[in-house]
Amino acid sequence: LTIFGPAAVSKARHCGEMVLRRLRESGWMYRDTLVECLGTGDSVPVLPKWHRNENAYETVLRIAVEADDKNACEAFSKEMIPLVTAGPQGTTGYAEGRPNVHSIFRYWPTLIDADSTQSQVDFITTKDTNSLRESAAIWPPQSTTIDPSLNVSGNTLTTVRDISDSPSSLIGRNSIKQLKDIAYGRSGDKGTGANIGILTRTPEIYIALSQWLTADRVKEYFTPLGVTSVQRFELENLHGFNFVLTGVLRRIIRNDAQGKALAQALLAIPLDDFPVPIS
């Protein structure tokens, strides 16, 4: 449900807890329950407080339950509906009616006897695109000058910064406060765990970040999500890291059940004690 208006987030959280309390008082038992206010950072609730939008004028209230008994989930779906007419003013987004009850599927790693499988390898032949190049590929890309005629504001345009520039143009600015200011990230699920890839913007930053962004620091950051262990793999040729977080996606009723938002959450980690490289 969408809650719109003053104190939307606090009203939404109160409604979620009220629904779950009424169900417990009625004797229904659940393996897991979860209340999320989307739009406040609840998809990955590890963000620093300045990213948590608890004063939002609008939020999407998401309540999820998991139970052994399908009837318990049916009772939950019925308990949600009274919020439409008896909930906070500005409650909307209920066009689809009662939520559907469906089965939960979990990741279950196992081994299969090799005799039960058949192996097949297919070879696909294509043209060698490298041999068709007019010139050799160059990485990193060279700086590119933008056509001044494309500037509609009247300001003077300069050359776009090359990826191999020294960190002096990045480090030392007041804007360098979080990991996102010096790196990029992307993540995804691997069973009950997840991978987080981090690429730094310069080779020098990679050297400094390799000392600071340790597996232990990442594990501590994601502790509220139940991560059990973190491994870090260094990718020096890419100036990046791959973090493998074990157990972080065991709670599959979360909105971000596939860990797609984990890297974006990690990019919000503060760089308070980051060792600043100077070139």
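These numbers come from the heavy atoms of this one structure, side chains and all, not from hydrogens, waters or symmetry mates. In this chain, residues are counted from 1 in sequence order.
We find the CD-CZ distance between E17 and R24 to be 7.0 Å, quoted to the nearest 0.5 Å. Atom CE in M18 sits 10.5 Å away from atom CG in L23 (nearest 0.5 Å). Considering CG of D189 and CG of L245, their distance stands at 12.5 Å, rounded to 0.5 Å. To the nearest 0.5 Å, the span separating CD1 on I3 from OG on S10 amounts to 10.5 Å. Here the CG-CZ distance, from L249 to R251, works out to 12.5 Å after rounding to the nearest 0.5 Å. Remark: K70 NZ to H102 NE2 distance equals 11.5 Å, nearest 0.5 Å.
Contact of the F105 side chain with the I252 side chain is not registered, since no non-hydrogen atoms from C-beta on lie closer than 4.5 Å. Using a 4.5 Å cut-off on side-chain heavy atoms (C-beta onward), W212 and L209 make contact.
In the hydrophobic clustering of ILVMFWY residues, with side-chain heavy atoms under 4.5 Å counting as a link, L61 and Y94 come out together. By the criterion of side-chain heavy atoms lying less than 4.5 angstrom apart, applied directly or through intervening Ile, Leu, Val, Met, Phe, Trp or Tyr residues, V101 is not grouped with V65; the two fall into different hydrophobic clusters. Under the 4.5 Å side-chain heavy-atom criterion for ILVMFWY residues, no single connected hydrophobic cluster contains both L1 and L34.
Counting only distance, with no hydrogens or angles, the side chain of R250 and the backbone of G226 share a donor-acceptor pair below 3.5 Å. Of the possible polar contacts, none joining the R98 side chain to the M80 backbone as a donor-acceptor pair under 3.5 Å is found. A donor-acceptor pair under 3.5 Å is absent between the side-chain atoms of Y221 and the main chain of L266, judged by distance alone. A side-chain donor-acceptor contact under 3.5 Å links R232 to the backbone of L213. At distances below 3.5 Å, at least one donor-acceptor pair connects side-chain atoms of S187 with backbone N or O atoms of A263. Remark: side-chain polar atoms of T59 are paired, donor with acceptor, to backbone N or O of L38 under 3.5 angstrom. Counting only distance, with no hydrogens or angles, the side chain of K11 and the backbone of G87 share no donor-acceptor pair below 3.5 Å. Judged purely by atom type and a 3.5 angstrom limit, K177 has no side-chain atom pairing as donor or acceptor with the backbone of P270.
The side chain to side chain contact (heavy atoms under 4.5 Å, CB included) with I63 is formed by just one residue from the set T33, I253, L20; it is L20.
The two residues A268 and P48 come nearest to each other via the heavy atoms O-CG, 3.4 Å. For the residue pair A67 and Y30, the shortest heavy atom distance occurs at CB-CD2, 3.7 Å. Between K219 and V227 the shortest heavy-atom distance is O-CG1, 3.6 Å. The two residues V19 and E79 have their closest heavy-atom pair at CG1-CG, 3.8 Å. Heavy-atom minimum distance, K180 versus R201: O-NH2, 2.8 Å. Contact detail for K260 and G188: the closest heavy-atom pair is NZ-CA, 4.0 Å.
Taking 4.0 Å as the cut-off between side-chain N and carboxylate O, K49 and E54 do not count as a salt-bridged pair. By the 4.0 Å N-to-carboxylate-O rule, R52 lies close enough to D42 to be salt-bridged with it.
Note: H239 and Y206 have tilted aromatic rings, judged against thresholds of 30 and 60 degrees for the angle between ring planes.
Note: Y57 and F4 meet the aromatic proximity criterion, with ring centroids under 6.0 Å apart.
No side-chain donor from either of N71 and W28 sits under 3.5 Å from a side-chain acceptor of the other.
Shown here is R31, whose CZ atom has more than 12 heavy atoms of other residues, nucleotides or ligands within 6.0 Å.
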task = Applying side-chain contact (heavy atoms from CB on, under 4.5 Å), run through L267 and I198 and close with a yes or a no.
result = CA-CA 9 Å; L267 290 177; I198 297 295; 4.0 Å; yes

